[in-house]
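Worksheet: one structure, shown below.
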Amino acid sequence: MTGPPMTLRPGARRGLDACASPRGTFGVLALDHRQNLRREMRPDDPRAVTYREMVDFKRAVVRALAPVATGTLLDPELGAVQCIVDGSLPGAAGLIVAIEATGYEGAATARASRVLDGWSVAKAKRLGASAAKLLVYYHPDAANAADQEALVAHVAADCREADLALFVEPLSFSVVEGEKLAGEARRRVVVETARRLTAIGGDILKAEFPYDESVADRGLWRDACAELDEASAVPWVLLSGGVDDTIFHAQVEVACAAGASGVLAGRSVWAEAAALFGEPRVAFLATTARERLRGLVDLVDAVGRPWHSRPGPLATSAQPGDGWYREYEA
């Protein structure tokens with residue numbers, strides 16, 4: 001990197017506005033899945049799924065659902081350029097592009113994320129992305145927590161240099177071999193992760209719901225989401241994590257009431273379509289999936305907090321002075 005971090009970031013501001021509703025909430029279609037999509041399409045033999053099958057699926061989903069969403073999240077390998085060049089993604093649609101490689105390296109108790117080989121923030125910006133997204137496996141007590149924090153800092157710096165907004169998506173895990181992170185332990189990790197990573201970089205936090213599906217107490221949900229809202233230094237949205245669409249709708253309602261600015265919704269909207277082919281897939285996407293996404297978009301726009309109403313550098317930038325463009329560089 002060269003030079004100090006940019007203080008004027010009109011590109012990042014415009015990118016977030018392009019992915020949000022006019023009110024400033026996010027009802028984004030998430031379709032950056034790679035390995036998870038293979039498992040959805042052929043649970044019995046994920047490796048048998050071909051490149052063309054995955055691309056065709058993504059094109060079908062984007063054609064059906066992008067017009068309903070406030071923005072679309074795609075990966076560079078199977079989705080972003082493919083849906084641009086064939087016109088599946090509307091020209092006016094906000095586009096968030098993933099930066100990370102799918103999966104993780106290392107032990108399950110110290111999962112390491114990395115940038116996709118041959119890909120970069122600069123290339124995402126050149127492609128026409130409105131924003132970038134970084135998925136990072138993280139546990140505050142993991143042996144490699146500092147390395148994951150350094151990755152977030154590095155990608156955030158690249159995004160500042162490119163004047164591109166960054167969504168940071170932490171995924172939690174247990175540091176005990178073979179144990180699932182659940183209940184109060186999950187809540188602690190999700191909240192502390194928000195506290196630590198949003199202090200490092202990124203413009204929007206794409207957060208997990210603080211509790212897993214074993215906790216159904218709405219009072220605990222509300223308290224945990226309020227705690228998450230307080231911990232995050234930036235606006236935050238909820239990821240779906242593949243939970244049932246009815247459960248996700250309820251989670252979104254609680255999260256937005258606590259201060260969330262919307263959702264990036266994936267499998268909870270379109271999962272069943274992955275196992276369908278031909279006309280049944282098209283019909284499902286045009287009816288059930290579209291209705292689910294429309295319901296989420298309407299919900300977050302009614303009760304979510306507009307991202308720019310939360311104090312922050314992108315929301316409160318001063319008007320540029322005369323000759324601002326002379327200093328507008330990396």
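Applying the side-chain hydrogen bond (donor to acceptor under 3.5 Å, both in side chains) criterion to R111, with sequence neighbours excluded, gives no partner residue. Under the side chain to side chain contact (heavy atoms under 4.5 Å, CB included) criterion, R13 pairs with D17, W307, H308, sequence neighbours left out. Under the rule for a side chain to side chain contact (heavy atoms under 4.5 Å, CB included), the partners of A48 that lie at least two apart in sequence or sit in another chain are R42, D45. Taking the salt bridge (Lys or Arg N to Asp or Glu O under 4.0 Å) definition, one finds that R59 meets it with D56, D86, sequence neighbours left out. Applying the side chain to side chain contact (heavy atoms under 4.5 Å, CB included) test to E100 and every residue at least two apart in sequence or in another chain returns D32, R34, A98, K133, L134, L135. Qualifying ring pair (Phe, Tyr, Trp, His ring centres under 6.0 Å) partners for Y211, counting only residues two or more places apart in sequence or in other chains: none. Residues that satisfy the side-chain hydrogen bond (donor to acceptor under 3.5 Å, both in side chains) test with D212, not counting sequence neighbours, are S214. Remark: S309 engages R305 in a side-chain hydrogen bond (donor to acceptor under 3.5 Å, both in side chains) (not counting sequence neighbours). Not counting sequence neighbours, the partners of F57 by the ring pair (Phe, Tyr, Trp, His ring centres under 6.0 Å) test are W270. Legend: residues meeting side chain to side chain contact (heavy atoms under 4.5 Å, CB included) with R188, ordered by chain and number and at least two apart, are H139, D141. Under the rule for a salt bridge (Lys or Arg N to Asp or Glu O under 4.0 Å), the partners of D117 that lie at least two apart in sequence or sit in another chain are R114.
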Report the C-alpha separation of E192 and Y138 in whole Å, then their side-chain angles, then the decisive distance to 0.1 Å, and conclude whether the side-chain hydrogen bond (donor to acceptor under 3.5 Å, both in side chains) test is met.
CA-CA 10 Å; E192 184 58 23; Y138 187 80; over 6 Å; no
Apply side-chain hydrogen bond (donor to acceptor under 3.5 Å, both in side chains) to S21 and D301, showing your working.
CA-CA 7 Å; S21 72; D301 213 35; 2.7 Å; yes
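Here the options are R195, R222, R310, the test is salt bridge (charged side-chain N to carboxylate O under 4.0 Å, His left out), and the partner is D229; only R310 passes.
Note that CG of D298 and CG of L293 are 9.5 Å apart. Values are rounded to the nearest 0.5 Å.
Side-chain heavy-atom separations under 4.5 angstrom define the hydrophobic clusters, and F277 shares its cluster with no other residue.
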